[in-house]
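Heads up: the structure comes next, in structure tokens.
Basis for what follows: all heavy atoms, side chains included, without hydrogens, waters or symmetry-related copies. Numbers here are sequence positions counted from 1. Whatever order the structure lists them in is the order used to number ligands and atoms, beginning at 1.
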Amino acid sequence: MRVRDAYTNWSTTYDTDRNLTRDLDQDVTQAILGHLRVARVIELGCGTGKNTALLAVIGAQVQALDFSGGMLERARAKIQAPNVTFTVADLTRPWPCADQSADLVVGNLVIEHIADLSFIFAEARRCLAPGGQCFLCELHPAKQYHGLQAHFTRDEGQVVIPAFVHHLSDYLGAAEAHGFTLRQLREWWPTPERTSAPLLVSFLFGV
Ligand SMILES: C[S@@+](CC[C@H](N)C(=O)[O-])C[C@H]1O[C@@H](n2cnc3c(N)ncnc32)[C@H](O)[C@@H]1O
């Protein structure tokens with residue numbers, strides 16, 4: 001199943017399914033970005049708006065992008081903040097955002113579905129104003145090496161969503177190539193014991 005169709009299918013239960021990755025990502029995003037206040041935010045792959053509510057507090061204006069109609073429909077129903085605009089957009093195509101139109105670009109659990117990291121950092125760099133920041137929180141590649149991939153369950157069985165492995169050095173290399181400086185890299189586990197590979201990795205880059 002193609003990524004867009006899979007997410008539109010998943011949208012009906014995305015918020016209610018048991019999902020440790022989704023929940024940890026929300027906690028991480030609150031912990032890292034919660035104190036920030038900026039003028040303009042672009043959210044990449046906003047999904048059902050799980051993190052959009054927080055971003056609507058952080059940013060005076062938020063432009064939330066996603067290519068799944070089903071996910072966006074849920075997000076629009078949930079988030080009625082007047083400073084949030086939801087837009088249908090495929091992140092593998094030029095983003096519908098002007099040059100230097102954002103102070104913060106945020107992506108959560110979306111980059112694993114995109115093959116070309118270089119294009120994502122090029123577009124983020126184009127859209128960020130001087131002094132801007134880019135925050136990404138993604139499935140840790142160490143988990144992907146062991147086969148973990150976004151998936152959900154339907155009556156007909158498990159639906160596994162197409163994904164790409166980006167090594168930590170791929171993120172760092174692509175970011176650096178587009179003029180970003182790494183400010184912070186953190187690895188995250190769902191429990192206090194660090195006896196297995198981290199579930200998530202987060203990056204904060206500056207320009
Ligand atoms: C796992 S969900 C994450 C949603 C939200 N960021 C969150 O953390 O709950 C991944 C989202 O990325 C979107 N997505 C994946 N590939 C995309 C692309 N090429 N362009 C736009 N959205 C994309 C999907 O439609 C889906 O809503």
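- Between H167 and Y145, the ring center distance clears the sub-6.0 Å criterion.
- For an aromatic pair to be called close, the ring centres must be under 6.0 Å apart, and F180 with F121 satisfies this.
- We find that R22 and D25 are not joined by a salt bridge, their nearest charged nitrogen and carboxylate oxygen being 4.0 Å or further apart.
- A donor-acceptor contact shorter than 3.5 Å is absent between the side chain of D103 and the backbone of V38.
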Which pairs of nitrogen or oxygen atoms, taken one from ligand 1 and one from the protein, are under 3.5 angstrom apart?
residue, atom, partner, partner atom, Å
ligand 1, 6 (N), G45, O, 2.7
ligand 1, 6 (N), N108, O, 3.0
ligand 1, 8 (O), K50, NZ, 2.8
ligand 1, 9 (O), Y14, OH, 2.9
ligand 1, 9 (O), K50, NZ, 3.2
ligand 1, 19 (N), D90, OD1, 3.0
ligand 1, 20 (N), L91, N, 2.9
ligand 1, 22 (N), F67, N, 3.3
ligand 1, 25 (O), D66, OD1, 2.6
ligand 1, 27 (O), D66, OD1, 3.3
ligand 1, 27 (O), D66, OD2, 2.6

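- A salt bridge links E123 to R126: one of the charged nitrogens lies within less than 4.0 Å of a carboxylate oxygen.
- For residues 8-19, the pairs satisfying salt bridge (charged side-chain N to carboxylate O under 4.0 Å, His left out) are D15-K78, with sequence neighbours left out.
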